[in-house]
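Scroll down for the structure; my scribbles are underneath it.
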Amino acid sequence: LLPGRALAIDVGTGDGLLLDVLAPLYGRVIAVDRSRSQLAKVAERVAARGFHHVSLYPGSYDDTALLERVDAAGGADLVFAGRTLHHASRPAQAVQSFARLLKKGGHLVVLDYLPHEQDSMRTEGGDVWLGFPPEELRAHFAAAALQTVGEVEVPDVFHPAGPDAALAWHAWVALKQQHPTP
């Protein structure tokens, strides 16, 4: 089911909920977040669950130190960017950075919003973008030499509460190809 399971990166880990899924599946996991207070909560989760192979990175997905760390490990099999891209000042460059973290054959999963008009998300959630049309993300993937391999609407039952509960969530999966396409 998963072609490579050595290293996963949870970009914008937030409260670390996804680590409960990633940690049992991957040999190593790096949880990345700029908020040290969020990472303190994640550290408690990691310790409580005994995830000794999960490390925390206080910074950004495009930091040179993170890239060097991931390169030293041979690249990531998975980069998961959950509700992160709408905070990026330059989404196309963010996707390039995500792709740079991947090894050849690695997968990028982007979970984010479809376009919406809920402007309060800018002030309440610090959102820069009010979602993305699928064709825009597919173009960002292609520009980053990633092949889109799947898209799926996330049913409302998976996000029933919170300020973004009424928004349409969508997931995209892209592959960093083993060999460049002609």
Side-chain angles (χ1 to χ4, degrees), residues 1-14 16-19 21-23 25-34 53-116 126-154 167-182:
L1 189 62
L2 299 168
R5 297 189 344 204
L7 174 61
I9 302 173
D10 183 13
V11 172
T13 194
L17 286 174
L18 185 65
L19 298 176
V21 175
L22 296 178
L25 298 174
Y26 287 87
R28 290 183 49 214
V29 180
I30 301 173
V32 178
D33 207 293
R34 288 185 232 181
H53 60 298
V54 174
S55 60
L56 309 182
Y57 182 83
S60 179
Y61 52 80
D62 58 358
D63 287 352
T64 301
L66 176 64
L67 181 58
E68 289 171 354
R69 183 172 166 185
V70 172
D71 281 349
D77 295 292
L78 173 72
V79 172
F80 188 93
R83 297 183 305 152
T84 301
L85 201 57
H86 63 265
H87 292 289
S89 60
R90 296 181 185 101
Q93 287 180 342
V95 170
Q96 292 275 349
S97 295
F98 301 157
R100 179 64 183 89
L101 294 168
L102 290 169
K103 65 172 58 169
K104 285 186 179 18
H107 288 85
L108 168 63
V109 176
V110 172
L111 172 67
D112 222 301
Y113 310 130
L114 291 175
H116 63 86
D127 295 9
V128 177
W129 303 96
L130 297 179
F132 302 95
E135 59 274 6
E136 182 179 337
L137 283 193
R138 287 192 296 267
H140 292 334
F141 294 158
L146 299 170
Q147 175 189 359
T148 303
V149 294
E151 299 179 33
V152 65
E153 180 181 333
V154 178
L167 302 180
W169 294 24
H170 205 75
W172 294 265
V173 180
L175 170 70
K176 186 169 186 174
Q177 297 181 25
Q178 296 280 358
H179 307 288
T181 55

Exercise. Given the rule in the side chain to side chain contact (heavy atoms under 4.5 Å, CB included) test, do Leu102 and Ile9 qualify, once you have shown the distances and angles that lead to the verdict?
Worked result: CA-CA 9 Å; Leu102 290 169; Ile9 302 173; over 6 Å; no
Exercise. Closest heavy-atom contact between Arg28 and Ala73?
Worked result: NH1-CB, 3.4 Å
Seminar exercise, completed: CH2 of Trp172 to NE2 of His140, rounded to nearest 0.5 Å, is 10.0 Å
For this session: Find the distance between NE2 (His107) and CG (Leu175) and round it off to the nearest 0.5 Å.
Result: 4.5 Å
Seminar exercise, completed: Interatomic distance, CG@Leu167 vs CG@Leu114, rounded to 0.5 Å, equals 9.5 Å
For this session: Supply the atom-to-atom distance Gln177 CD to Lys104 NZ, rounded to the nearest 0.5 angstrom.
Result: 10.0 Å
Problem set entry | Residues forming a salt bridge (charged side-chain N to carboxylate O under 4.0 Å, His left out) with Asp33, sequence neighbours excluded | none
For this session: Please list, chain by chain and in numerical order, all residues satisfying side chain to side chain contact (heavy atoms under 4.5 Å, CB included) with Ala171, sequence neighbours excluded.
Result: Leu111, Val152, Val154
Problem set entry | Val11: which of Leu85, Val110, Val79 passes side-chain contact (heavy atoms from CB on, under 4.5 Å) | Val79
For this session: Using salt bridge (charged side-chain N to carboxylate O under 4.0 Å, His left out) as the criterion, list what pairs up with Glu153, not counting sequence neighbours.
Result: none
Problem set entry | Residues that His86 engages under side-chain hydrogen bond (donor to acceptor under 3.5 Å, both in side chains), provided they are two or more places apart | Asp112, Asp127
For this session: Grab the two heavy atoms, one from Thr13 and one from Asp10, that are nearest each other, plus how far apart they are.
Result: OG1-OD2, 2.7 Å
For this session: Go through the steps to decide whether Arg5 and Asp77 satisfy the test salt bridge (Lys or Arg N to Asp or Glu O under 4.0 Å), and finish with yes or no.
Result: CA-CA 6 Å; Arg5 297 189 344 204; Asp77 295 292; over 6 Å; no
Problem set entry | Euclidean distance, Arg69 CZ relative to Ile30 CD1, rounded to 0.5 Å | 4.5 Å
Exercise. Side chain to side chain contact (heavy atoms under 4.5 Å, CB included) between Tyr26 and Leu78: does it pass, once the steps are laid out?
Worked result: CA-CA 9 Å; Tyr26 287 87; Leu78 173 72; 3.5 Å; yes
Exercise. Does some side-chain heavy atom of Pro115 sit less than 4.5 Å from a side-chain heavy atom of Phe132?
Worked result: no
Problem set entry | Least distance between heavy atoms, His53 atom then Ala23 atom | NE2-O, 2.8 Å
Exercise. Who are the salt bridge (charged side-chain N to carboxylate O under 4.0 Å, His left out) partners of Arg83, not counting sequence neighbours?
Worked result: Asp164
For this session: Check whether any side-chain heavy atom of Val21 sits under 4.5 Å from a side-chain heavy atom of Leu25, and report yes or no.
Result: yes
Exercise. What are the two closest non-hydrogen atoms of Val32 and Gly59, and how far apart are they?
Worked result: CG1-O, 3.5 Å
Exercise. Once you round to the nearest 0.5 Å, how far does CH2 of Trp129 lie from NE2 of His116?
Worked result: 12.0 Å
For this session: Kindly give the heavy-atom pair with the smallest separation between Gly12 and Thr84, and that separation in Å.
Result: CA-OG1, 3.9 Å
Output side-chain donor-acceptor pairs under 3.5 Å for residues 93-101, partner residues at least two apart or in another chain, one line each.
| from | atom 1 | to | atom 2 | distance (Å) |
| --- | --- | --- | --- | --- |
| Gln96 | NE2 | Ala143 | O | 3.0 |
| Ser97 | OG | Gln93 | O | 3.2 |
| Arg100 | NH1 | Asp71 | OD1 | 3.1 |
| Arg100 | NH2 | Asp71 | OD2 | 2.9 |

Exercise. Nearest heavy-atom pair of Tyr61 and Ala88: which atoms, and what distance?
Worked result: OH-CB, 3.7 Å
